[in-house]
Amino acid sequence: MKTNTALLFSVILATAVASAAELHIGAATVSITPDKPVALDGHRGLRISKKVESPITATALALESRDGDKVLDQAVIVSCDIVAIRAGIQEMVRAKLKPRLPDFDANKLFLCATHTHNAPVTLEGRYTIPETGVMKPSEYAEFMTTQVADAIVESWKKRRPGKVAWAQSHAVVAHNRRATYSDGTAQMYGATNTPKFRGMEGYEDHSLDVLFFWDAQDKLIATAINVPSPAQEAEGGPLLHADFWHPAREMLRARYGKDLCILGWTGAGGDQTSRPQYRKAAEERMMKLRGLSRMEEVARRIAAGWEDAYECARKDIRSDVALRHFVKQIELPHRQVTETEVADARKEAAKFAKDPAQRWNYRWHMGVVERYDAQKAGTEQPYKMELHALRLGDVAIATNEFELFTDYGVRMKARSPAVQTFVIQLAASSYGYLPTERAVRGGHYSAVIQSSRIGPDGGQVLVERTVEAMQELWKK
Amino acid sequence: MLVNTSCALVFALGLVLSPAGAAELWFGAATADITPKPPVPLTGNSSVRIARDIESRLTANVLALESREGGRAVDQAIMVSCDLCVIRPGIQEGFRKHLAGKLPGFDLNKLFIAATHTHAAPVIQQDRYDEKDYGDAMQPKEYVPWLYERMAQAVVKAWKGRAKGAVAWGLGHAVTSHNRRVVYADGTAKMYGTINTPEFRGLEGYEDHGVHVLCFYDSQKRLKAAAISMATTAQAAGGNKVSSDFWDDARRLIHERHGKDVCVLGFCAAAGDQTPRAHVSKKSEDRMCKLRDLTYGKEIGRRVAAAFDDVVSVIAKDIRADVPLMHRVRQIDLPTRIITEAEYAIAKKACEEVDGRKTRLKTDAWTRHFYGLVMERYLAQQKGGWKTYTMELHVLRLGDIAITTNPFELFVDYGVQIQARSPAVQTFLIQLAASGPLPAYYVPTPRAMAGGSLNDKLFTNYSATASHNMIGPEGAQALVDRTVETINELWKPSAKQN
């Protein structure tokens, strides 16, 4: 009898927890397109924008879980058409929010980047930028963070009880960009039509994870799309644009409403690109037959995958899901610089030291020397990374600050207790590539010591802390 | 002099243009039902399963091609796609003999049979199960002659029914396969290994989600036949019922949308390390299947049909009638995987254990077969033999596309290499095709072999150990190089139909 009562009580409690939560949702999109030429971020060499090909935007999603008037948890996620959330940018936004949103815990905000390589530099000192005629990185950062803060305030103030659904589909967008060769080496964007080519180094994750948000009147107001590929179809040139996210958004808005807020979330895709690395002739022929550019073709696949997911998601729309959001500072060990690596880095840095046009290259190599010196002096500290882990119904969302090789995302998803797991890279800040063991063995850009401050050991720690955080969210 | 040069130029242009301009493509297609009457023993697992029910029909789909110039046949091909697990040793040769005299004007060497790799199809060779376990089920020796006759009827129908037509090709995408080899922190790998463990480090290799589509149209441009090649095996279902796996649903949907008479040939591209089963996103995939009210196999069929639609709608803009066909059939020698003394010792011990066992296990014949093969090869090596594996290679050029075969369960990396190095606009791969007198089995990559060596458990690093590899990476590289060389030959301006 006691057992039955206890069981009944626990069932009621469980039901109450599930049904009492009310999800409040708000979303807003703002332009972060500069009105002057800017330096474009992501390459070794300086590029100054000559034209805006498509607007770059920031989209904020505000979520709050409530039980009556009681706030249970909250989150604001902002997706930005930018190469990376450089150090300090998120703090600038938080500082601007604090006086404007007293009922929001600014720590529960994170920004993430789509990784377009055709968006402005936001950090001073990376390039030698002309003194006149170009917006300074600090000036752009001020503009961008103000715009982002405005979007957040708007989304937060617009939040109302709403509904959510999640679904998974597929889109072949990401392609592993590291070719391996018969001598054991690897090369980013390496030739594949050679007898020495042995295959792509790692996995490709073609899942397309989607969240859908409706208002109380069943109007679709926002969607978040998690694609494990950076938006660098163009990756170069003097045009400012949002890469494939712009045509993807245009396609979806044309079909589902011009006000639909669309968040592009980049999954673990440090070793990925949206550009095919082999079979290029067949892909190009199909695009020509469709009359699409490569960027439009990627967008078409995303939109098709999204619609496939939407068809299912509509069968399982929920309004009573609880939101839980953990923000943690986790410590990751730095990758250790070897004697050989530091010797090479010193030699290379010396080549670029006196040429202002080579500032990026100089800094790239000198960073290794500085790290080695800290290592030797015993002053090196573990890297403190801001980790966001959210539970929204049966979905887990986990962030990291890296260009995280796909294998790590796969490890997180495989071990996650959630039915569906969204991994968002380049979120909260930016700390470079995080390569796998096999990539470090193969070498080349993205896996060498210059590219990677955290190595495979730190990568595994990141996986463990992320899985632990997700498991905590699933504890009753 | 000037006149002569111009004449030579015109002549040369005429030569180059003539194969493309004057060639006529003739094709025929037919389907045979090759579903046996249950009960029937099913192959593909370590112990035999007796099917007493039919989940879906098994078919053999035949495509006959002939290139003609000025009313003269210049090259030809017949491809047969079967809902079978593997075209076991001797089956293709037996079928060619069965066809003797039935196809006037056709060179039987230009025919090949390929399997979709369904694991719910009949045993067709008595080499790995104990007949005692078949009970009242149809025996392979009964099924195979019946299969030959059914397939022969379809081949004859396709060949004799060939008519002038047109062709189009295109590339689509569908996530139908996943890499099934799981890698762990200690460097070991396991097929279908657990992934929700702290030791999990990732999937060993790549996945190729290309869907290659080749369509054939009659003179009124009505779709009559289609070949689809994907890097996945038809083993989503399993179970104890006869089944053509996801191909049944893919074909049904294609028939509903494009006509019930469209003959659909399902081909498996290089996919030795692939499977159409979800793992990393299994919970999410399962939920999506429930929301769609589909099994995972039916979901794969849905994806294949969707990719097919996506491609067919586009390539209708580029249907060609004047493409020449060139078809090369070669016997190529590949270096074998050498059996070490340690592997021989392990195999010998395992065989002795099976032979000495008083109570028979249902897996004994299977275990004996694979360890026995290791022993046989080692002993042959000791006598100076077992140095090369001879395989039949088919390479076809049809317009801008290449089609290549191999008899193996070829790891996907090798398929990627062939596609990357091929001069063709699009390269179709067909594995488990044109089997010869020897078993073929898996062809692993170096990274797969690094995942573990043969021991007394056959499933340790299954698919990459000596027990399941007739050739290793060295042989595979020779296969890739010979295949690419043959494709290159067909792309030389001087290449001729024959």
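Below, read A as the first sequence line, B as the second, and so on, with proteins coming before strands; counting in each chain starts at 1. All of these numbers come straight from a predicted model, not from anything done at the bench.
One finds a salt bridge joining B:Arg482 and B:Glu485 here, because a Lys/Arg side-chain nitrogen approaches an Asp/Glu carboxylate oxygen to under 4.0 Å. We find that B:Glu474 and B:Arg337 are not joined by a salt bridge, their nearest charged nitrogen and carboxylate oxygen being 4.0 Å or further apart. Between B:Arg181 and B:Glu207, no side-chain nitrogen of the basic residue sits less than 4.0 Å from a carboxylate oxygen of the acidic one, so the salt-bridge criterion is not met. Between A:Asp316 and A:Arg318 there is a salt bridge, with a side-chain nitrogen of the basic residue lying less than 4.0 Å from a carboxylate oxygen of the acidic one. With respect to A:Arg290 and B:Asp310, a salt bridge is recorded, a charged nitrogen being found less than 4.0 Å from a carboxylate O. The residues A:Glu297 and A:Arg300 are annotated as salt-bridged, a charged nitrogen and a carboxylate oxygen being separated by less than 4.0 angstrom.
Heavy-atom distances place no part of A:Pro276 under 4.5 Å from chain B, backbone and side chain included. When heavy atoms are compared at a cutoff of 4.5 Å, B:Arg201 approaches chain A by way of both its backbone and its side chain. Within the 4.5 angstrom heavy-atom criterion, only backbone atoms of A:Ala418 (N, CA, C, O) approach chain B.
Ranked by heavy-atom pairs under 4.5 Å with chain A, the list B:Asn179, B:Asp413, B:Leu203 is led by B:Leu203. When each of A:Val395, A:Asp209, A:Asp308 is scored by its heavy-atom pairs under 4.5 Å with chain B, the top score falls to A:Asp308. For the options B:Gly202, B:Pro198, B:Ser281, B:Gly205, heavy-atom pairs under 4.5 Å to chain A are most numerous at B:Pro198. Counting heavy-atom pairs closer than 4.5 Å to chain B, the top residue among A:Pro195, A:Gly202, A:Gly199 is A:Pro195. In terms of non-hydrogen atom pairs under 4.5 Å with chain B, the most contact-rich of A:Asp394, A:Asp407, A:Val410 is A:Val410. With respect to chain A, the highest number of heavy-atom pairs below 4.5 Å among B:His178, B:Lys282, B:Arg302 belongs to B:Arg302. Most heavy-atom pairs under 4.5 Å with chain B, from the set A:Thr194, A:Leu289, A:Thr192: that is A:Leu289.
For A:Arg198 and A:Tyr181, the side-chain atoms include no donor-acceptor pair closer than 3.5 Å. For the residue pair B:His173 and B:His209, no side-chain donor N or O sits within less than 3.5 Å of a side-chain acceptor on the partner.
Under a cutoff of 6.0 Å and an axis angle of 45°, A:Arg275 and A:Tyr189 form a cation-pi pair.
At a heavy-atom cut-off of under 4.5 Å, chain A is reached by B:His279, B:Val280 from residues 267-280 of chain B, listed in order of number. Within residues 290-298 of chain B, the residues having any heavy atom under 4.5 Å from a heavy atom of chain A are, by residue number, B:Leu291, B:Arg292. Proximity to chain B at a heavy-atom threshold of 4.5 Å picks out A:Gln460, A:Glu464 from residues 454-473 of chain A, in numerical order.
Shown are B:Val480, B:Ile487, B:Thr427, B:Thr483; of these, the side chain to side chain contact (heavy atoms under 4.5 Å, CB included) with B:Arg421 is made only by B:Val480.
Ring centroid separation for the pair A:Phe212 and A:Tyr310 comes in under the 6.0 Å cut-off.
For A:Ala281, the side-chain contact (heavy atoms from CB on, under 4.5 Å) partners two or more places apart in sequence, or in a different chain, are B:Val425.
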